[in-house]
Amino acid sequence: MAFGKGCHLHLIDGSAFIFRAYHALPPLTRKSDGLPIGAVSGFCNMLQRYVEGNAGSDVTHVAVIFDKGSHTFRNDLYDLYKANRDEMPEDLRPQIPLTRRATEAFNIACKEIENYEADDIIATLACQAREAGGRVTIISSDKDLMQLVGDGVVMLDAMKNKVIDVEGVEEKFGVGPDRVVDVQALAGDSVDNVPGAPGIGIKTAALLINEYGSLEELLDRAEDIKQPKRRQTLIDHREQIELSKKLVQLDCETPLDFTLDDLEVREPEPDTLLGFLAEMEFRTISKRIADRLGVEPPVVPEPTPDADAPDRPEAPAIDPEAYECVADAATLQVWIDRIRARGHVAIDTETTGLNEMLCDLVGISLAVEPGQACYIPLAHRAEAEDDLFGSDAMAEGQMDMEEALGMLQPVLADDSILKIGQNLKYDMKVLSRYGCQFASIDDTMLLSYALNAGLHNHGMDALSERYLSHRPIEIKSLLGTGKSQKTFDRVPLADAVKYAAEDADITLRLWQTFRPQLHQTRVTTVYETLERPLIPVLAQMERTGIKVDRDTLSRMSNAFSQKMAGLEEEIYGLAGRKFNVGSPKQLGEILFDEMSLSMPDGKAPKKGKTGAYGTGADVLEDLATLHDLPRRILDWRQLSKLKSTYTDALQEHINPDTGRVHTSYSQAGANTGRLASTDPNLQNIPVRSEEGRRIREAFVAEEGKVLVSLDYSQIELRILAHVAGIEALRDAFRDGQDIHAATASEMFGVPLDEMTPDVRRQAKAINFGVIYGISGFGLARNLRIPRDEAQGFIDRYFERFPGIRTYMDETVAFAKEHGFVQTLFGRKIHTPEINAKGPGAGFARRAAINAPIQGTAADVIRRAMIRMPDAIAELPARMLLQVHDELLFEVDEDAADRLTEVAREVMEQASLPAVRFSIPMIVDAGTGSSWAAAH
DNA sequence: GTCATCACG
DNA sequence: GACGTACGTGATGACC
């Protein structure tokens, strides 16, 4: 088909794909010869995802465009163009030609022109396509290409899956696509080393261009500019600005040795594509593509097996039809014999819900070998016709639950048989309510977490897709969604077998994938000392729960309601009309449009992606100096938060059987090694405000018992002082000084006995800022001081504690080289974005600085928790909650002191013997009948 | 489902 | 020299 009206051209920015692929993946090598192929692998995955995503779309033509040659006409204009680019990494260079071959293997046009940048080729093609009456989508997030948008041309940020149209360009540059180059010419570009006008950024540039209409007009009338500095800059740098425009202006006249018609979409040739993938030794993606094309996957020769790795035959494809339904004792016995012979089993339970404390067991699935899995239905309901509520009768063809569990119990408790699960804590909690105990376990979710924290999530669906190239049957397809959703016991047996047994099969395969990687990646110790042993500890804590007094909450809730109603009346009076106080959108319109309040600092009030006014607490706090309304809103919001999230919601979570609240800890949720608490979140119960703290009065001990709270004092700062080797801080900690006051004293030279609360407050903010990867901007905002003043503090801090800067620099350098950072206990946290360019790099940098500190603290308290059950076994005490640096216990009144002593010792010594801190870890303790009193 | 907001360490 | 920025989480209500 000749390109013309109705055609849709996709132009993929090949270099962007390559770099993203390179940075997103660990440095993989081809097994047979060590050729680096990480970027090629990622590139192929991205192409494959692109192809899958566009199946059935209206795209008629497509090309991947690459740069070629390092010298372009822009270098003739300006020899420093792109002169500040880092050298291409050593292991990426040989992969570049392979990405061209990959593109061709996918049968996608692959185009480059000697001494032209990809951007110019893209520009030329986009212009041609537009003139021919077709539509164009440029797949890239490079802002240099935004000048092309409009008239049927859009960009697609594949990363965020976001279309950038004329509006998107205006959001980014403050001007339409036709004036983007003018703004760029003024603002310059540090990435490409385009000089621009000194002191003028995008914001100012857009302002000027909008005022004068065009760059040429602006330069000609530069004398008219009011601000003297700006005027002088534009007059002095006119040539440089005009040069910059030539540099950023894309060339729509690139001589091409092909036409649009050559870019027609073509189906890949299976042999060519799979041949290439086999040559690269990409097993996973080969399989996936072969599946799609409906052909046999190519045989990729196995590398010579390691001496200590068992020689494993290639696993059969995942086939839900092949699973067995176990309906009688004799069949179950056959499976148990297989398990005993094998020494391990993957296990998964099916239940009526997600809450382990409330749901009922429905069935159990087992897998012993890849492809060899079964499902034991135990409590499925009979299918009843035209019965809206379903029948209460049991379905035929199921084993008696007691009999089945009786047979399985010895297997689960046998420590010579390894039980493998995906998030096994869930299954352990459910089955423990049926009298089953577990010994000897492995968890694929935690294996993945120990290996790959920071790279991706660790849910089974994601892992299966990523590592097995298999998309598991969706639970939705069995249960439906929304109102008509049914529970698993209503799923027909035949469907249940496929779904449930597949989960066990996948779990087993994941285990086979991950387990050998532990040693290679050197995280065996992390997994075996920080992850696996925590499972039963958390399971026990969650099952124990904490007593919450419903009446207390209910009384508070009513009190909040009344106060809110009063505030609402006041608010309506101040605003002049009724509105939804809970709607930030309506509030913003009232404050800024109807009442025309302006920010005290003179800044424009608008912000936010959706274009709505920001009405966050910081904004309202500032506005409170001008008007009474913002303060009332703040008060109302505080009450609303406390009522809806705590006093109301918490009551819903009180378990009717136990009268207690049972949270669920997610062990692989936070990248740094911290736990996360959900359903409900008991790690964010209010404490900072007086009103909020009263919520903790509802968390109480049973009659005759008390709650004991122990928390690490300043653990993250101590760890920072240790890893950065800051002697002044170390000495202050050793002497038991007030660390923020000591910091202030060091920084400002104020003697401790003359310290004012305000100076101490500032030092405290800096101390915390450092842990978070400080910036002048962030500190300024936090302290509400001018930015240069904040920067002055930071400079002085680094001057006084040079070790901190060294630590930060070394940590970032380590992350850039290895793609991860580590805690003192060896936990790895991957930082895939660290080498990215753009604003994402800042985030990644700060996260990389923070992760070893936050992660080490998380490791310390994990170690304490793991040792705690044995340490307190003889005491009438139970561990209830963990809140990052705090552990909460419930103990018989008369044993509180002994518990405090024992638990404190465990916590303070938790790092030993693996790590000996140069600074003492100090644990503060409190006791009381409620959490409020114990804290 | 996403965004804004706000609770915690 | 400008850009956009504090680190890590989860729950809620509004709004599309």
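Letters go in sequence order (proteins before strands), and every chain restarts at 1.
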- Query: For A:D635 and B:dC6, what is the distance between atoms CG and P respectively, to the nearest whole Å?
  - Reply: 12 Å

- Message: For A:A933, give me all partners under side-chain contact (heavy atoms from CB on, under 4.5 Å), at least two apart in sequence or on another chain.
- Response: A:S930

- Message: I want to check one thing: is the phosphate of C:dT5, taken as OP1 and OP2, less than 4.0 Å away from some side-chain N or O of A:R846?
- Response: no

- Message: Regarding A:I771, tell me which of base, sugar-phosphate or nothing describes its non-hydrogen contacts under 4.0 Å with the strands shown.
- Response: nothing

- Message: I'd like to know if A:R688 reaches the base of B:dG9 with its side chain, counting only an N/O donor and acceptor under 3.5 Å.
- Response: yes

- With a non-hydrogen cut-off below 4.0 angstrom, is A:A617 in contact with a base, only sugar-phosphate, or nothing? sugar-phosphate

- For A:G199, answer base if it contacts any base atom (sugar-phosphate contacts may also be present), sugar-phosphate if it contacts only those atoms, and nothing otherwise; contact means non-hydrogen atoms under 4.0 Å. sugar-phosphate

- In 5'-to-3' order, the base (B), backbone-only (S) or no-contact (-) status of each nucleotide in nucleotides 8-13 of chain C, using a 4.0 angstrom heavy-atom cut-off, is BSBBSS

- Base, sugar-phosphate alone, or nothing: which one does A:G776 contact when heavy atoms must sit under 4.0 Å apart? nothing

- Item | Pairing annotation in dot-bracket form, given for DNA chain C with Watson-Crick or G-U pairs under 3.5 Å and | for cross-strand partners | ......|||||||||.

- Would you mind classifying the nucleic acid contact of A:D885 as base, sugar-phosphate or nothing, using non-hydrogen atoms under 4.0 angstrom? sugar-phosphate

- Looking at every strand, decide which applies to A:P198 at a 4.0 Å heavy-atom threshold: base, sugar-phosphate, or nothing. nothing

- Have a look at A:A790 and say if it touches a base, only the backbone sugar-phosphate, or nothing, with a 4.0 Å heavy-atom cut-off. nothing

- Message: Within the 4.0 Å heavy-atom criterion, would you say A:G842 contacts the bases, only the backbone, or no part of the nucleic acid?
- Response: nothing

- Query: Expressed in angstrom and rounded to an integer, what is the separation of A:K643 atom NZ from B:dA7 atom C1'?
  - Reply: 17 Å

- Item | Atom-pair distance (CH2 on A:W636; P on B:dA4), nearest Å | 18 Å

- Query: Using a cut-off of 4.0 Å on non-hydrogen atoms, how would the nucleic acid contact of A:I853 be classed: base, sugar-phosphate, or nothing?
  - Reply: nothing

- Distance in angstrom units between A:N193 CG and C:dG1 C1', rounded: 12 Å

- Message: Quick check on DNA chain C: between A:R781 and A:Q586, whose nearest nucleotide comes earlier from the 5' end?
- Response: A:R781

- Message: Taking any heavy-atom pair under 4.0 Å as a contact, classify A:I685: base, sugar-phosphate, or nothing.
- Response: sugar-phosphate

- Item | First encountered from the 5' end of DNA chain C, between A:I200 and A:R787 | A:I200

- Using whole Å, report how far CG of A:L186 lies from P of C:dG1. 17 Å

- Note on the structure: Rounded to whole Å, CZ of A:R845 lies from P of C:dC3 at a distance of 19 Å

- Touch check for A:S775, heavy atoms < 4.0 angstrom, all strands: base, sugar-phosphate only, or nothing? base

- Note on the structure: In whole angstroms, the gap separating C1' of C:dC15 from CD of A:E589 amounts to 12 Å

